Amino acid sequence: MTRPAGVRTAVVLLCLAQGVPGLWALVAPRSFYDGFPLPGFGWVAMFPPYNEHLVRDLGALSFALAVVLALSAVSLERLLVRAAAFGCLGFTVPHLVFHLGHLGRFGTADVVEQLISQIAPIALSVFILLVARQGPDKPADESRSGVSREDDAKAVPAAE
């Protein structure tokens, strides 16, 4: 897998991880509150009381982050990809820290599932930042029409 393909795949996974629950919370906040991550689990409901405004706002913010992640996956412009990954870390790290202090409310299986679901986007974000870091780029393939060396310098570098 080349670097751009790996970065794009990781960003798309982050986009889905933010976008699907974000859209769910935005359009059906009570259902999200009662049933996230899947019907019958109710992880969010373990933190009462229900607040429609708060759940919808969280959904809107998560969906907005997914939009930025989607745009970065399409463009693969290095600054946008890195900004999206840092933005994801800005949400996922404090979210993990909160949950680490409140795991006593959950059974063992739920604790393991939560930790996996919260550490995975952090690991993906760090992967993206490492792969898309500033570094020497290969010269652009001048046979590609419409792509300049300057454009290539802004893109995620290909595997060496």
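Since this is a predicted model, take the numbers as computed values, not measurements. All heavy atoms count here, side chains included; hydrogens, waters and symmetry mates do not.
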Check: What pairs meet the salt bridge (Lys or Arg N to Asp or Glu O under 4.0 Å) rule with one or both residues in residues 117-128, with sequence neighbours excluded?
Finding: none

Notebook entry, point to check: What residues form a salt bridge (Lys or Arg N to Asp or Glu O under 4.0 Å) with Arg30, not counting sequence neighbours?
Noted result: Asp34

Check: Quick one: do Phe98 and Val93 end up in the same hydrophobic cluster if we chain Ile, Leu, Val, Met, Phe, Trp and Tyr together by side-chain heavy atoms under 4.5 Å apart?
Finding: yes

Checklist line | side-chain contact (heavy atoms from CB on, under 4.5 Å) against Val27, all qualifying residues, sequence neighbours excluded | finding: Leu23

Next item on the list: Apply side-chain hydrogen bond (donor to acceptor under 3.5 Å, both in side chains) to Ser31 and list each qualifying residue two or more places apart in sequence or on a separate chain.
Entry: Trp24

Check: Which pair of non-hydrogen atoms, one from Arg8 and one from Val74, has the smallest distance, and what is that distance?
Finding: NH2-O, 3.4 Å

Next item on the list: Answer yes if the ring centres of Phe41 and Phe106 are under 6.0 angstrom apart, and no otherwise.
Entry: no

Checklist line | Under the side-chain hydrogen bond (donor to acceptor under 3.5 Å, both in side chains) test, residues paired with His102 that sit two or more places apart | finding: none

Note to self: Using the rule that Ile, Leu, Val, Met, Phe, Trp and Tyr join whenever any side-chain heavy atoms are under 4.5 Å apart, tell me whether Leu89 and Leu80 fall into a single cluster.
What the structure shows: no

Note to self: Per the ring-ring contact (aromatic ring centres under 6.0 Å, His included) rule, what does the pair list look like for residues 50-82, sequence neighbours excluded?
What the structure shows: Tyr33-Tyr50

Notebook entry, point to check: Roughly how far apart are Ile128 CD1 and Arg3 CZ, rounded to 0.5 Å?
Noted result: 14.0 Å

Notebook entry, point to check: Which residues, ordered by chain and number, are linked to Val112 in its hydrophobic cluster, where ILVMFWY side chains connect at heavy-atom gaps below 4.5 Å, directly or through other members?
Noted result: Ile116

Notebook entry, point to check: Is it true that Val55 and Leu26 fall in one hydrophobic cluster, defined by side-chain heavy atoms closer than 4.5 Å?
Noted result: no

Next item on the list: Would you list the pairs meeting salt bridge (Lys or Arg N to Asp or Glu O under 4.0 Å) in which at least one residue belongs to residues 88-117, sequence neighbours left out?
Entry: none

Check: Excluding sequence neighbours, so at least two apart, what forms side-chain contact (heavy atoms from CB on, under 4.5 Å) with Ala70?
Finding: Cys15

Next item on the list: Can you measure from OG1 (Thr9) to CZ (Phe127) and round to the nearest 0.5 angstrom?
Entry: 8.0 Å

Next item on the list: Apply side-chain contact (heavy atoms from CB on, under 4.5 Å) to the pair Ser125 and Phe91, showing each step before the final yes or no.
Entry: CA-CA 11 Å; Ser125 296; Phe91 170 72; over 6 Å; no

Check: Atom CG of Leu69 and atom CG of Leu13: how far apart are they, to the nearest 0.5 Å?
Finding: 10.5 Å

Notebook entry, point to check: So which pairs with a foot in residues 62-76 pass side chain to side chain donor-acceptor pair (under 3.5 Å), sequence neighbours left out?
Noted result: none

Note to self: As an exercise, state the distance from SG of Cys88 to CG of Leu65, rounded to the nearest 0.5 Å.
What the structure shows: 5.5 Å

Notebook entry, point to check: Is the closest side-chain heavy-atom distance between Pro37 and Phe32 below 4.5 Å?
Noted result: no

Notebook entry, point to check: Listed by chain and number, what are the side-chain contact (heavy atoms from CB on, under 4.5 Å) partners of Leu103, not counting sequence neighbours?
Noted result: Leu100, Val111, Gln114, Leu115

Next item on the list: Find out if a path of hydrophobic residues (ILVMFWY) with successive side-chain heavy-atom gaps under 4.5 Å connects Val81 to Val68.
Entry: no

Notebook entry, point to check: What distance do Asn51 atom CG and Leu58 atom CG have between them, rounded to the nearest 0.5 Å?
Noted result: 11.0 Å

Check: Under the side chain to side chain donor-acceptor pair (under 3.5 Å) rule, what pairs show up with a residue in residues 12-23, not counting sequence neighbours?
Finding: none

Check: Do Leu96 and Thr92 have side chains that get closer than 4.5 Å, going by heavy atoms?
Finding: no

Next item on the list: Answer whether the closest heavy-atom distance between the side chains of Leu129 and Arg82 falls below 4.5 Å.
Entry: yes

Next item on the list: State yes or no: do Val11 and Leu61 share one hydrophobic cluster built from I, L, V, M, F, W and Y residues joined by side-chain heavy-atom distances below 4.5 Å, directly or via other members?
Entry: no

